[in-house]
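Here the structure is laid out as structure tokens; the discussion comes afterwards.
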Amino acid sequence: MQYDIVVKSLSKSYQSKGIIKNALSNVTLNIPQGKIFCIMGSSGSGKSTLLKILGGIEKPTSGTVYINGTNMADYKQQDYDRYRQMTVGYVFQDFNLLEGLTLKENIILPLTLQKLNEVEIQRKYTDILRCVDIRYCENNYPEQSSGGEQQRAAICRAIIKTPKLILADEPTGSLDNVNTKAILNTFVNIRETMRATIVLVTHDAVVASYCDTVVFIENGKICDTLRKEGTTQSFYDRLVTVSSKVRGVI
Ligand SMILES: Nc1ncnc2c1ncn2[C@@H]1O[C@H](COP(=O)(O)OP(=O)(O)O)[C@@H](O)[C@H]1O
Ligand SMILES: [Mg+2]
């Protein structure tokens with residue numbers, strides 16, 4: 001089945017203290033199945049808002065999002081719950097780990113909620129440990145963990161349920177180069193083996209150069225789209241050139 005996200009004329013405004021802020025204006029996008037799709041843009045440009053709408057966390061003010069041909073506006077509450085629980089793995093910008101659980105308990109929580117049996121949960125957890133360096137700190141609580149450890153736990157929690165769609169908000173923002181490369185390789189591997197679609201937000205042109213398509217967003221509008229052609233290095237060079245023209249991207 002083709003897993004496609006089609007976004008048409010999407011706008012989102014927030015109202016706080018009587019002031020209306022247009023976070024997204026007339027965004028149109030097509031995200032094909034099995035690709036890594038990247039969103040770049042300066043702080044406040046609307047990246048997280050777009051990801052939250054794709055994840056069913058926020059609702060649009062106007063415009064439409066089709067997930068695999070179905071208009072999200074037609075989702076009933078149970079469709080949203082199912083979509084968030086089964087289809088999407090979401091990596092939050094601020095991790096959103098539960099403070100009362102260890103990193104390992106946080107990671108396996110989606111499987112516990114799906115009521116998978118203990119043997120299956122352990123098997124999936126062991127698979128994750130092959131990709132992400134987390135075992136040494138798995139019994140620590142979030143407040144005892146560094147930003148990088150929490151971020152890796154948040155990524156593990158998103159991918160352990162083998163979702164068809166991964167939405168990752170600055171997933172390598174707290175990681176060093178070695179861990180960033182490991183996470184990127186994990187994402188590429190997931191795309192290859194599961195034909196999963198990955199949408200990620202980043203400020204890092206190295207991360208973006210691993211992606212298939214990169215869109216630049218400025219003041220809630222798409223201002224440029226680059227598709228990967230040639231080597232990762234030549235794509236990186238093109239990305240840096242475009243980034244330097246869009247204020248505050250990297
Ligand atoms: N819940 C909210 N209420 C009011 N304004 C918001 C809310 N969330 C985001 N915004 C505003 O919308 C704009 C886009 O925010 P966001 O999508 O978080 O940007 P980014 O992720 O690119 O930094 C910003 O001006 C931000 O202040
Ligand atoms: Mg953000």
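Atoms within a ligand are numbered from 1 in the order they appear, just like the ligands themselves.
- The minimum heavy-atom distance between S145 and L103, with the atom names listed, is OG-CD1, 3.7 Å.
- When each of L54, L50, L29 is tested with L10 by the rule side-chain contact (heavy atoms from CB on, under 4.5 Å), just one qualifies, namely L50.
- A donor-acceptor pair under 3.5 Å links the side-chain atoms of Q33 to the main chain of R195, judged by distance alone.
- Panel note: side chain R82, backbone Q77; no donor-acceptor pair is recorded below 3.5 Å.
- T193 places a side-chain N or O within 3.5 Å of a backbone atom of N189 that can act as its donor or acceptor partner.
- Put simply, the side chain of N106 never gets that close to the backbone of L97: no donor and acceptor are under 3.5 Å apart.
- Checking side-chain atoms of Y90 against main-chain N and O of D169 turns up no donor-acceptor pair under 3.5 Å.
- Annotation: protein N, O or S atoms under 2.8 Å of the Mg ion (ligand 2) (waters excluded) comprise S48 OG, Q93 OE1.
- Counting only N and O atoms by type, the side chains of T232 and K228 include a donor and acceptor under 3.5 Å apart.
- Judged by distance alone, the side chains of T70 and Y75 never bring a donor and an acceptor atom under 3.5 Å apart.
- Under 4.0 Å from any atom of ligand 1, one finds heavy atoms of residues Y14, K21, A23, S42, S43, G44, S45, G46, K47, S48, T49.
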